[in-house]
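Here is the structure we will look at, set down as structure tokens.
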Amino acid sequence: MNLSNTIADMIFQMLDEKSEIEFQRNLLAQDLGCVPSQINYVLSSRFTPERGFIVESRRGGGGCIRITRVSYDRDSLLTDVYSRIGERIDSDTAEGYVVNLLYHKIISEKEAALIIAATGDCTLRSLPYEYRDTVRAIIFKQMLITLIK
């Protein structure tokens, strides 16, 4: 397993115990034998609002980090995701939203796979690059409307 996965797994384990955790980035980096910027990378790529997390960082004193897992009811989460998509959405952000919907058991694994397939770059590769994110947003929003009904 690579270092990023190890860091993410450790943080996910802490979040399994409670919905909000706080730690010092430097101490975690020291425990794992990595540089603090590696912790920052994991936080910015895996603990995003699209995936249902709020990450707060305080400078100084070793860099205190607070991560909160946001919980929603079904309709609130679907509506929130719909409103956040806007006119354009990239593939990684769309997948982040799908992971969050799956985590909260709003959609099934099969529905998640269908949404990812329908909004993925492979599906949209025949479109000019500058239109892909717009079309992806339209498709994703229509799928969410279907789920909300």
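Residue numbers count from 1 along this sequence. For clarity, every value in this text was computed on a predicted model and none was experimentally measured.
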### Message
Ignoring hydrogens, what is the shortest heavy-atom contact between L3 and C34? Give both atom names and the distance.
### Response
CD2-CB, 3.4 Å
### Task
Flag yes if more than 12 heavy atoms outside E22 fall under 6.0 Å of its CD atom; otherwise flag no.
yes
### Summary
What one should report as the nearest heavy-atom pair of G86 and A137 is O-CB, 3.9 Å
### Query
What's the spacing between I21 CD1 and M10 CE if we round to 0.5 Å?
10.5 Å
### Query
Under 3.5 Å, is there a donor-acceptor pair between the side chain of S4 and the main chain of V42?
no
Side chains of residues 96-106: which donor-acceptor partners sit under 3.5 Å, not counting sequence neighbours?
from: N100; atom 1: OD1; to: H104; atom 2: NE2; distance (Å): 3.2
from: Y103; atom 1: OH; to: R69; atom 2: NE; distance (Å): 3.4
from: Y103; atom 1: OH; to: R69; atom 2: NH1; distance (Å): 2.9
from: H104; atom 1: NE2; to: V70; atom 2: O; distance (Å): 3.2

### Message
Testing the basics here: between S57 and I65, what is the closest heavy-atom pair and its distance to 0.1 Å?
### Response
OG-CD1, 3.6 Å
### Query
Which heavy-atom pair separates T119 from A94 by the least distance, and what is that distance?
OG1-CB, 4.4 Å
### Message
Is there a side-chain contact (heavy atoms from CB on, under 4.5 Å) between F53 and L43? Walk through the geometry before answering.
### Response
CA-CA 10 Å; F53 298 97; L43 293 174; over 6 Å; no
### Query
CD1 of I148 to CE of M143: how many Å apart, nearest 0.5 Å?
13.0 Å
### Message
Surrounding CE of M14 (heavy atoms of other residues, nucleotides or ligands, distance under 6.0 Å), is the total greater than 12?
### Response
yes
### Task
Show the numbers, then the answer: is there a side-chain contact (heavy atoms from CB on, under 4.5 Å) between V81 and F140?
CA-CA 10 Å; V81 170; F140 197 2; 4.2 Å; yes
### Query
Same cluster for I145 and L78 if Ile/Leu/Val/Met/Phe/Trp/Tyr side chains link at under 4.5 Å?
yes
### Pairing of R136 and D90 as salt bridge, 4.0 angstrom limit
no
### Task
Give, for atom CD of E20 and atom CD of E56, the distance between the pair rounded to the nearest 0.5 Å.
7.0 Å
### Query
What class does the angle between the rings of F12 and F47 fall in, given that below 30° is parallel, 30 to 60° is tilted and above 60° is perpendicular?
tilted
### Message
Please check this pair: side chain of R125 against backbone of C122, looking for a donor-acceptor N/O pair closer than 3.5 Å.
### Response
yes
### T134 and E87: side chain donor to acceptor below 3.5 Å
no
#### Entry: Cluster check L114, I85: I/L/V/M/F/W/Y, side chain < 4.5 angstrom
no
### Donor-acceptor under 3.5 Å (T48 side chain, S44 main chain)
no
### Query
Rounded to the nearest 0.5 Å, how far apart are CD of Q24 and CD1 of I39?
12.5 Å
### Task
For the pair R46 and N5, evaluate side-chain contact (heavy atoms from CB on, under 4.5 Å) and give the outcome as yes or no after the intermediate values.
CA-CA 10 Å; R46 306 210 187 165; N5 289 341; 2.8 Å; yes
### Single-linkage hydrophobic cluster F23~L15, side-chain heavy atoms < 4.5 angstrom
yes
### S45 to R51 - nearest heavy-atom pair and separation
O-NE, 4.0 Å
### Task
Kindly indicate, with the supporting measurements, whether the criterion side-chain contact (heavy atoms from CB on, under 4.5 Å) is fulfilled by R25 and L28.
CA-CA 5 Å; R25 186 186 63 219; L28 183 60; 5.9 Å; no
### Message
If I take atom CG from residue N40 and atom CD1 from residue I7, how far apart are they, to the nearest 0.5 angstrom?
### Response
10.0 Å
### Query
For the atom pair CD (E95) and CG (D121), what is the distance rounded to the nearest 0.5 Å?
10.0 Å
### Task
Spell out, as yes or no, whether a donor-acceptor pair under 3.5 Å connects the side chain of R132 to the backbone of L124.
yes
### Query
Are L77 and Y82 grouped together when hydrophobic residues (ILVMFWY) are joined by side-chain heavy atoms under 4.5 angstrom apart?
yes
### Message
Assigning hydrophobic clusters by single linkage (Ile, Leu, Val, Met, Phe, Trp, Tyr; side-chain heavy-atom cutoff under 4.5 Å), is I11 placed with L32?
### Response
yes
